[in-house]
Amino acid sequence: MAAAGAAATDLEVVRGKRAALFFAAVAIVLGLPLWWKTTETYRAPLPYSQISGLNALQLRLMVPVTVVFTRDSVPLDDQEKLPFTVVHEREIPLKYKMKIKCRFQKAYRRALDHEEEALSLGSVQEAETMLAEPQEQSEGSLTVYVISEHSPLLPQDMMSYIGPKRTAVMRGIMHREAFNIIGRRIIQVAQAMSLTEDVLAAALADHLPEDKWSSDKRRPLKSSLGYEITFSLLNPDPKSHDVHWDIEGAVQRYVQPFLNALSAAGNFSVDSQILYYAMLGVNPRFDPASSSYYLASHSLPHVINPVESRLGSSAASLYPVLNFLLYVPELAHSPLYIQDKDGAPVATNAFHSPRWGGIMVYNVDPKAYNASKLPVRVEVDMVRVMEVFLAQLRLLFGIAQPQLPPKCLFSGPKSEGLMTWELDRLLWARSVENLATATTTLTSLAQLLGKISNIVIKDDVASEVYRAVAAVQKAAEELASGHLASAFVASQEAVTSSERAFFDPSLLHLLYFPDDQKFAIYIPLFLPMAVPILLSLVKIFLETRKSWKKPEKID
Amino acid sequence: MAAAVRLALIVLLLLGPGGWGHAEPSRDSLREELVITPLPSGDVAATFQFRTRWDSELHREEVSHYRLFPKALGQLISKYSLQELHLSFTQGFWRTRYWGPPFLQAPSGAELWVWFQDTVTDVDKSWKELSNVLSGIFCASLNFIDSTNTVIPTASFKPLGLANGTDHYFLRYAVLPREVVCTENLTPWKKLLPCSSKAGLSVLLKADRLFHTSYHSQAVHIRPVCRNARCTSISWELRQTLSVVFDAFVTGQGKKDWSLFRMFSRTLTEPCPLAAESRVYVDITSSKQDNETLEVNPPPLTTYQDVILGTQKTYAVYDLLDTAVINNSRNLNLQLKWKRPPENGYIHYQPAQDRLQPHLLEMLIQLPANSVTKVSIQFERALLKWTEYTPDPNHGFYVSPSVLSALVPSIVASKPVDWEESPLFNTLFPGSDSSSYFVRLYTEPLLVNLPTPDFSMPYNVICLTCTVVAVCYGSFYNLLTRTFHIEEPSKGGLAKRLANLIRRARGIPPL
């Protein structure tokens, strides 16, 4: 009876042990994964390795240069060797994580018949128009015509000529090493017309470590899909001045042609407004010597702020705004002049603020006050104003004056105020800047997502990241193969996609979910459930160890 | 004499349009106007209207050159193809019973209704974007407008301006009653004015006075209007309106008199040089009815009479562009005085400031005999901050008792006594004269139930469900893992031994 009872009890004990083990197993095998799965934040997979690979990307900027030799430009036996291709590659030393290499691929060939004909014309401008007619050159490429050493096409003392389109003309040389010498000169000209260190340093100014000259480099507007240009006429004293400006005509005549030429670099919209009673933030000082007022250069930074609140942000688009203000000083403070650092009045009476826009002070002609009573009608001389504003516009877009090689004839810009190769140079710079921006955005997004595990990554965010990575790679490839236009488009897409992913609001949904709240919610359920399981596991473990030790003792 | 005057008038009329014809046709014009109306309750209503008219067809041309019309709103019209836009922000409620009918009606909070052009394909998307942009321009929470609070009225809200079709599919209407209107909404509104707040009537728009009122409503209305009498082309009209009601009676210690300086703490100094018309109208209707009970200072040069909202009204008109109005005294401070003071009374009210000072209302009233006087105050129940609740918040909050101090006429005239001589119980309050005695009464404190949140409800629910689950689980677990065996009673427990002891004592055989 007792044995049977003991056996039954043993059986019960074993069954109890098994049940406890089973509970533990279910909790661990089923419960834990279920809990883990249901409380997990959704994180779509991202190409982390590719993103980190982007940092080590090598940018190869290829500039295809076609070099055309006319009949008498080089010795005859050298001409026999044509056509052939020379590649000149060099690394641009910038303190940036990306390696940037500049590669000039020079394709040498003989001149065709119509090119010979054109280059034998009297003046270089005529030759240029005739050469430009048959084919349109693709963005980023250059053509250099090498003419005979004594050709009358260029003035006697000039060695080379840079045209407004993507062409240059250069004197040849009768020398044994003709190709080498000409090759070096071509590189000089091509650099002036396409890529130089300065251009790239300005483009990457935000990504480079601080330098003492970097504030100057940060003048150009950041790259964007489009830009808004706003001209504002500030009339702080409408009681004395009734100011009229023909802004519509001026925009049509001067600004629009320039923007049409720039249209490859983005969308532009232009508007204008007149603001009354808009004061500058600084009281001008009186200069008794000239009985005029002046704004010292150190006070210029404080001028803009109070005006800016009146300017109003653009309601209709998200593009960055460039402001150009024409300030007609009030009667009590006129004439008003801007002084430079040395205290001399600035000739244009204007200044610009990097990445913001420009301000010009327009003084009313003092003779106007004598004739009539107040308010004086003021007609603004738009030519004078637009000259200043267009020059500022060029600066703010980062179109600087090129560094010309010695003895080089330089044709002035055409009527629209922009040379085609200047646009190319802008596109090079903008493409590189876009790539750098997109890479930085993607890298910091990847870092952020790695650091904070609460962030949800939705599928559309992930697809934007993939698209951005692909676009960066595509842009780099296109740059390396010399297709500037498509590279620029791809780089813009890279920036757009990467920013869209970075600023997606869904990233923030679960960001604030602190640990103490988690514990407060979990403990009332998990503690009473886990304690019995753990206790019985400990008990089973102790008993097993005892039963393991027992046989040893018997032995 | 009369004939001469009439002749002069005709000549003036003839000259008027001619003078306009000589000036170059300006493409936009500004008119500004302020109407001051003393309300029946003794309060004063001021209604500003600024109207910018722009002779330009925003939709057709790529117009982007702005003069008087604000650029921000002009861009909205062309970008979202608006036909009409009406936006109002209102704090308080217009008490029609005490104040009479208003010039401009608006609901409390923010109201936006927009007619889109019939060229818009996706109206809902434009509506959503537009409300977001407007919320940025006016610093308001208009971005909370979504499909849950947008309606498409079919009968009301017809277009106020020119309209070709009235297919209500292009109309959207939304109200946000919770919107609180404050300075940050006024500042962008003021920035839209051509003269900003530097000259003209807009000088009076000082935020800290405008929001110290019992009613504040500002609005923006954009609509297309006819450019000329034959309506061959359209112009755009932007009306910015602002109405405020000053509780002049209460803050002015029971006097109904007012002046511009007392209401706005500013005076008019110069007209806006951009305005084609700049006028102040003061409602002086009651002076005609019962014989000059009020007077305005300076006396008006002209008056204007018309039937407004169903009643005959007379307004004193001040034209700021008329040099005589301002030049005399360098500034214009309109004043209105009531010649016959209404009743003998005194009211002093000091509004509360949250967490700083309580309300104070003092009234000096002469009570007629055998009458009942009721003083009632409306209040709102508000939620306090989390830490400001007392440990027992459901008990309620006390409002301190009100005090009634009175001089009650005495039935028997007492003889004058010497202070030092008379008993102490009679001399705490000094009696002013012997015919009355002083009484101060206190009412009971008021216990108000404020809404109290349930401070721990979510956590309680979590704990309760978790406990129920844990208890079920625990017993289930015990049932399955514990070993149950039947315990054979070997010697018996304490109870049995005790029973045996008693049995032995009684001589009965043990169990």
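In what follows, every heavy atom counts, from backbone to side chain, and hydrogens, waters and symmetry copies are set aside. By convention in this document, chain letters (A, B, ...) are assigned in the order of the sequence lines, proteins followed by strands, and residues within each chain are numbered from 1.
Interface check for chain B: of the options A:P528, A:S536, A:S309, the most heavy-atom pairs under 4.5 Å are formed by A:S309.
Taking a 6.0 Å sphere around CD of A:Q252, one finds it holds 12 or fewer heavy atoms contributed by other residues, nucleotides or ligands. Taking a 6.0 Å sphere around CZ of A:F268, one finds it holds more than 12 heavy atoms contributed by other residues, nucleotides or ligands. Heavy-atom contacts from other residues, nucleotides or ligands closer than 6.0 Å to CZ of B:F476 number 12 or fewer.
Both the backbone and the side chain of A:Y276 come within less than 4.5 Å of a heavy atom in chain B. Neither the backbone nor the side chain of A:A278 comes within less than 4.5 Å of any heavy atom of chain B. Within the 4.5 angstrom heavy-atom criterion, only side-chain atoms of B:Y473, from C-beta onward, approach chain A. For A:I523, no part sits under 4.5 Å from any heavy atom of chain B, backbone or side chain. For B:L480, the parts lying near chain A are the backbone and the side chain together; criterion is any non-hydrogen pair under 4.5 Å. In this structure, the portion of A:T230 lying under 4.5 Å from any heavy atom of chain B is its side chain and not its backbone. A:V270 touches chain B through its backbone: at least one of N, CA, C or O sits under 4.5 Å from a heavy atom, while the side chain does not. The contact between B:E270 and chain A is made entirely by side chain atoms (from C-beta outward), counting heavy-atom distances below 4.5 Å.
Contact annotation: the side chain of B:F89 approaches that of B:L142 to within less than 4.5 Å [non-hydrogen atoms, C-beta and beyond]. Residues A:V321 and A:W356 have side chains not in contact (no heavy-atom distance under 4.5 Å, counting atoms from C-beta outward).
Within the 6.0 Å centre-distance limit, the rings of A:F231 and A:F389 are counted as a close aromatic pair.
Under the side chain to side chain donor-acceptor pair (under 3.5 Å) criterion, B:E237 pairs with B:R51, B:R223, B:R239, not counting sequence neighbours.
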